[in-house]
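Please read the structure below before turning to the comments.
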Protein chains: 2
Amino acid sequence: MIMPARPLIDPQGATPVYRQVADVLRRRIASGELPPNRPVPSETQLEAEFEIARGTARKAIAVLREDGLVVTIPGRGTFVNPVD
Amino acid sequence: MIMPARPLIDPQGATPVYRQVADVLRRRIASGELPPNRPVPSETQLEAEFEIARGTARKAIAVLREDGLVVTIPGRGTFVNPVD
DNA sequence: CTATATTTGTGCGTATGTATG
DNA sequence: ACATACATACGCACAAATATA
């Protein structure tokens, strides 16, 4: 039996896992679940929640950063952008 | 001369270094060498003792924390759980 | 109150090895 | 060959919490 340990992610899907994770976070930002100036889950937390490798978590965050949705502050974390 | 700088750890072994370190600490807890409410060696100390990277030390501690053997307090340290 | 040291938290960058599509 | 992903491990820097001088 294959356990669907990752409800929101489809590892077999056409879109890469890191994009799927980025999309989930994007939705949380859009919905207000992750409000401006609040930290996005850390790489470690993303690892645990989505059961992904650290590199994949970082890649997901990088997507949001490139889209200007979040800003990363070294040593502190990644935060939802107040602008927009 | 090859220095056996890591007596208790085998970097080439089948089990990951962070698990081996966790096992060493687990034994120290079980034996009473690390009694309840006493601090486990800090990440820096584990780095020095086992000659590992800090990330590896953190992962070893994380294993013990997931097993409920220790509790970590930011800014203070990680302590052997009194329960059990 | 300030300053310093210690410890944990977080992130960045890199590297190696394995596996899959 | 290449991209994706996982797992492991190294090293470095900055931030925050705590404790102490």
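Every chain is numbered from 1 and lettered A, B, ... according to where its sequence line falls, protein lines coming before strand lines. Bear in mind the structure is a predicted one, so any value in this text is a computation, not a measurement.
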**Request:** Mind checking B/Gly77 for me? I need base, sugar-phosphate or nothing, with any heavy atom below 4.0 Å counting as a touch.
**Result:** sugar-phosphate
**Asked** If every non-hydrogen atom of A/Ala22 is compared with every non-hydrogen atom of A/Ala60, which pair is closest and at what distance?
**Response** CB-O, 3.7 Å
**Prompt:** Just how far, in rounded Å, is C1' of D/dA9 from CD of B/Glu43?
**Reply:** 15 Å
**Request:** Check the distance between D/dT4's C1' and A/Gln20's CD and give it to me in whole angstrom.
**Result:** 12 Å
**Message:** Considering every strand and a 4.0 Å limit on heavy-atom distances, what is the contact class for B/Thr44: base, sugar-phosphate, or nothing?
**Reply:** nothing
**Close side-chain approach of B/Arg28 and B/Val40, heavy atoms under 4.5 Å** = no
**Request:** Measure the distance from CD1 on A/Ile61 to C1' on C/dC12 and round it to the nearest whole Å.
**Result:** 12 Å
**Message:** Please tell me if B/Lys59 has a side-chain N or O lying less than 4.0 Å from either OP1 or OP2 of D/dT8.
**Reply:** yes
**Prompt:** What string of B, S and - do you get for nucleotides 13-21 of chain D 5' to 3' if you count protein non-hydrogen atoms under 4.0 Å?
**Reply:** BBSSBSS--
**Request:** Write down the atom of A/Ala57, the atom of A/Glu43, and the distance for their closest heavy-atom approach.
**Result:** CB-O, 4.0 Å
**Request:** Tell me the partner of D/dA1, counting only Watson-Crick (N1-N3 plus N6-O4 or O6-N4) or G-U wobble (N1-O2 and O6-N3) with both under 3.5 Å; none if nothing fits.
**Result:** none
**Complete:** Quick tally for nucleotides 16-21 of chain C: nucleotides whose base has a protein heavy atom under 4.0 Å get B, sugar-phosphate-only ones S, the rest -, giving ------
**Item:** Residue whose nearest DNA chain D nucleotide is more 5′ - B/Ala53 or A/Ala53
**Value:** A/Ala53
**Asked** If you look at every heavy atom in B/Phe50 and B/Leu8, which pair is closest and at what distance?
**Response** CE2-CD1, 4.0 Å
**Prompt:** Given C/dG9, is OP1 or OP2 found less than 4.0 Å from the side-chain N or O atoms of A/Ser42?
**Reply:** no
**Complete:** For A/Ile61 and A/Val70, the nearest pair of non-hydrogen atoms, with its separation, is O-CG2, 4.3 Å
**Prompt:** Quick one: A/Phe50 CZ to D/dC6 P, roughly how many Å, whole number?
**Reply:** 12 Å
**Request:** Starting at atom OH of A/Tyr18, determine the distance to atom P of D/dA3, rounded to an integer number of angstrom.
**Result:** 11 Å
**Request:** Heavy atoms only: give me the nearest A/Gly68-A/Asn81 pair and the separation to one decimal.
**Result:** O-ND2, 3.1 Å
**Fill in**
Atom CD1 of B/Ile9 and atom C1' of D/dA9 are separated, to the nearest Å, by 13 Å
**Request:** Using only side-chain N and O atoms of B/Arg58, determine if any of them is under 4.0 Å from OP1 or OP2 of C/dT8.
**Result:** no
**Prompt:** Which atoms form the tightest heavy-atom contact between B/Thr15 and B/Gln20, and what is the distance?
**Reply:** O-NE2, 2.8 Å
**Item:** N/O (side chain, B/Thr56) to phosphate O (OP1/OP2, D/dC10) under 4.0 Å
**Value:** yes
**Prompt:** Which residues satisfy the side chain to side chain contact (heavy atoms under 4.5 Å, CB included) test with A/Arg38, sequence neighbours excluded?
**Reply:** A/Pro35
**Prompt:** Quick one: B/Arg65 CZ to C/dT7 C1', roughly how many Å, whole number?
**Reply:** 13 Å
**Item:** Whole angstrom value for the distance that separates P of C/dA5 from CD of B/Gln45
**Value:** 17 Å
**Asked** Rounded to the nearest 0.5 Å, how far does CD of B/Glu49 lie from CD1 of B/Ile9?
**Response** 9.0 Å
